[in-house]
2 protein chains.
Amino acid sequence: MDTTPVPTQTESQERSEVLANILCEEIIRGQLKPGEKLSETAIASRFQVSRGPVREALRRLSERNFVDFIPNVGARVASTSLTDMLHLMEVRESLEALAAKLAAEKMTAAEKSRLEKLYANHLSMFSRERINPYFQSPEDLDFHYTIAKGSGNPVLFKILCEDLYPKLLVCRSQHQYIKGRGAKALEEHKSILAAINEGDSELASIYMIRHLQSARASLENLIEPFI
Amino acid sequence: MDTTPVPTQTESQERSEVLANILCEEIIRGQLKPGEKLSETAIASRFQVSRGPVREALRRLSERNFVDFIPNVGARVASTSLTDMLHLMEVRESLEALAAKLAAEKMTAAEKSRLEKLYANHLSMFSRERINPYFQSPEDLDFHYTIAKGSGNPVLFKILCEDLYPKLLVCRSQHQYIKGRGAKALEEHKSILAAINEGDSELASIYMIRHLQSARASLENLIEPFI
DNA sequence: CATGAAAAAATTGTAGACAATATGGATACG
DNA sequence: CGTATCCATATTGTCTACAATTTTTTCATG
């Protein structure tokens, strides 16, 4: 077991929150494998803290469904199946359609230009290095993240950016054979961007749905063979 | 302060979970007022437990956004504005449209008959006692709950039934002047039910959207005057 | 009387110890 | 050889005590 340095106690954050964030990050990165036992004492000694903060962190992660928790037994890294991911994508589709619609209606000029700049960056990145995994890469999520923010609906934003996206990242790290869709996704972003810029909420919503349906379709192709 | 009896330690549930449920319930029922301080020591002595389980319970509730939490200061009952509720309803609309669509496609015969029975019960209840607040009453939520379940998508179910509905109940208890829509809502349920029974996913989705839009509209009328 | 600083009280954060429960292995038995 | 039971071990659940921080009170000063 590696002895990780003591978590930097940033300002007035409590240890349990810092711990939760670190563990969450490690689950997303796949450093903690699905099903892996999260022993309280082990984590406590690893971070040089007592078990109290560790327990609180684990409860938090359990509430967010990053760990499965069984009373008197303990916590394990939640394992997410491809079927789970499909369900996530199904919900995501509906919510992002709403986000795109609202964004087209409500985004300020500043927000729109930020989104445009984002797209331009991705575009140039892609043309430089062709083999860019443009599917739930940080860049791709940035785009969707900005639209979610631009919806002006904090409930929507929270569900998408704090629940679904992280969960999707976990899925991705647990099934590394999910590949990006490259140029095609970039094209789709372009259409969405244009619709939002013109304030065409209906089109923005439709393009977003198509965009995510493509992603879901390639996921379904992945699952079919195993049925 | 009343001295509530010790929480019944049901089977193998840990105290912190029992506590979280009780507190959550009290927030929903409005017994704990928005903004009210949730002192760890006070809660601990009220339930005759130590502060450990109380802290864990509060962390859980904070993760679910039922309490606002400030490090080194403490937890307070989250207060939900009518604007918050509007955002909730906006998201709910999208998700329930999806739920209705999926339910129409996937509900089993047994589930359908259960839904029908539910509706019949509400109908007879309403005809007996006219002044039935049929808006987020337990009966109304039963209907929507069953459809969410019938969608066959656990992610969707969780967001609706464990996040949004409870939050809406909190809103309702914090703004008690939100009235039901009686007979009209019942009619709308009838249309949704029929579409689902016929497996017409498109219609089910549309009827559900209209149903919730009506509810949202009456909410918006409530807010407008205060702008 | 208002204002601000400093001390006192109260509350939260963490650590360590003990109790309750589950896990794993050894042994006895069919 | 497989199965069941019991015990030793390890892990989780909870409590008490103490440290750190915030809030309140007090009191001096302009």
Side-chain angles (χ1 to χ4, degrees), chain A residues 1 3-24 27 32-33 35-78, chain B residues 1 3-24 27 32-33 35-78:
Chain A
M1 184 194 312
T3 164
T4 311
V6 182
T8 62
Q9 45 191 12
T10 321
E11 341 178 305
S12 68
Q13 272 190 74
E14 48 180 348
R15 279 200 181 16
S16 81
E17 193 180 331
V18 178
L19 286 176
N21 288 338
I22 294 178
L23 292 175
C24 182
I27 291 174
L32 293 173
K33 303 266 179 287
E36 186 172 337
K37 182 80 197 293
L38 294 173
S39 157
E40 293 178 0
T41 52
I43 296 174
S45 75
R46 176 181 157 200
F47 291 106
Q48 312 273 32
V49 296
S50 85
R51 277 176 49 222
V54 174
R55 283 176 63 84
E56 288 174 12
L58 291 178
R59 294 302 176 291
R60 286 171 120 125
L61 291 177
S62 141
E63 210 67 29
R64 294 177 58 186
N65 282 107
F66 284 111
V67 310
D68 291 330
F69 194 87
I70 304 175
N72 288 313
V73 174
R76 292 180 175 278
V77 177
Chain B
M1 188 192 308
T3 163
T4 310
V6 182
T8 63
Q9 45 190 11
T10 321
E11 350 175 300
S12 69
Q13 273 190 73
E14 49 180 346
R15 281 207 187 355
S16 81
E17 193 180 331
V18 178
L19 286 176
N21 288 338
I22 294 178
L23 293 174
C24 182
I27 292 173
L32 293 173
K33 302 264 178 289
E36 186 173 335
K37 182 81 198 293
L38 294 174
S39 156
E40 294 178 1
T41 52
I43 296 174
S45 75
R46 176 181 158 200
F47 290 106
Q48 311 274 32
V49 297
S50 86
R51 279 176 47 225
V54 174
R55 283 175 63 84
E56 289 176 11
L58 290 178
R59 295 301 176 291
R60 286 171 120 124
L61 290 177
S62 141
E63 210 66 28
R64 293 177 58 187
N65 283 108
F66 283 112
V67 310
D68 292 330
F69 195 86
I70 304 174
N72 287 314
V73 173
R76 291 181 176 279
V77 177

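In what follows, chains are A, B, ... by sequence order, proteins preceding strands, each numbered from 1. These numbers come from the heavy atoms of this one structure, side chains and all, not from hydrogens, waters or symmetry mates.
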List the atom pairs, donor and acceptor, that lie under 3.5 Å between side-chain atoms in residues 51-60 of chain A and the rest of the protein, sequence neighbours left out.
unit_1	atom_1	unit_2	atom_2	d
Arg51(A)	NE	Glu40(A)	OE1	3.1
Arg51(A)	NH2	Glu40(A)	OE1	3.0
Arg55(A)	NE	Glu56(B)	OE2	2.7
Arg55(A)	NH1	Glu40(A)	OE2	3.1
Arg55(A)	NH2	Glu56(B)	OE1	3.4
Arg55(A)	NH2	Glu56(B)	OE2	3.3
Glu56(A)	OE1	Arg55(B)	NH2	3.4
Glu56(A)	OE2	Arg55(B)	NE	2.7
Glu56(A)	OE2	Arg55(B)	NH2	3.4
Arg59(A)	NE	Glu14(B)	OE2	3.2
Arg59(A)	NH1	Arg55(A)	O	3.3
Arg59(A)	NH2	Glu14(B)	OE1	3.1
Arg60(A)	NE	Glu63(B)	OE1	3.4
Arg60(A)	NH1	Glu14(A)	OE2	3.4
Arg60(A)	NH1	Ser16(A)	OG	2.7

With a 4.5 Å heavy-atom cut-off, do [X] and [Y] have their side chains touching?
{"X": "Leu61(B)", "Y": "Leu38(B)", "result": "no"}
{"X": "Leu23(A)", "Y": "Val77(A)", "result": "no"}
{"X": "Val18(B)", "Y": "Phe47(B)", "result": "no"}

Taking only residues two or more places apart in sequence, or in another chain, which ones meet Ser50(B) in a side chain to side chain donor-acceptor pair (under 3.5 Å)?
none
Expected rows: protein N/O vs nucleotides 10-14 of chain C N/O, under 3.5 Å:
unit_1	atom_1	unit_2	atom_2	d
dT12(C)	OP1	Lys37(B)	NZ	3.2
dT12(C)	OP2	Glu40(B)	N	3.3
dG13(C)	OP1	Glu14(A)	OE1	3.4
dG13(C)	OP1	Asn72(B)	N	3.0
dG13(C)	OP2	Arg55(B)	NH1	2.5
dG13(C)	OP2	Arg55(B)	NH2	3.3
dG13(C)	OP2	Arg59(B)	NH2	3.0
dG13(C)	N7	Arg51(B)	NH2	2.8
dG13(C)	O6	Arg51(B)	NH1	3.1
dT14(C)	OP1	Arg15(A)	N	3.0

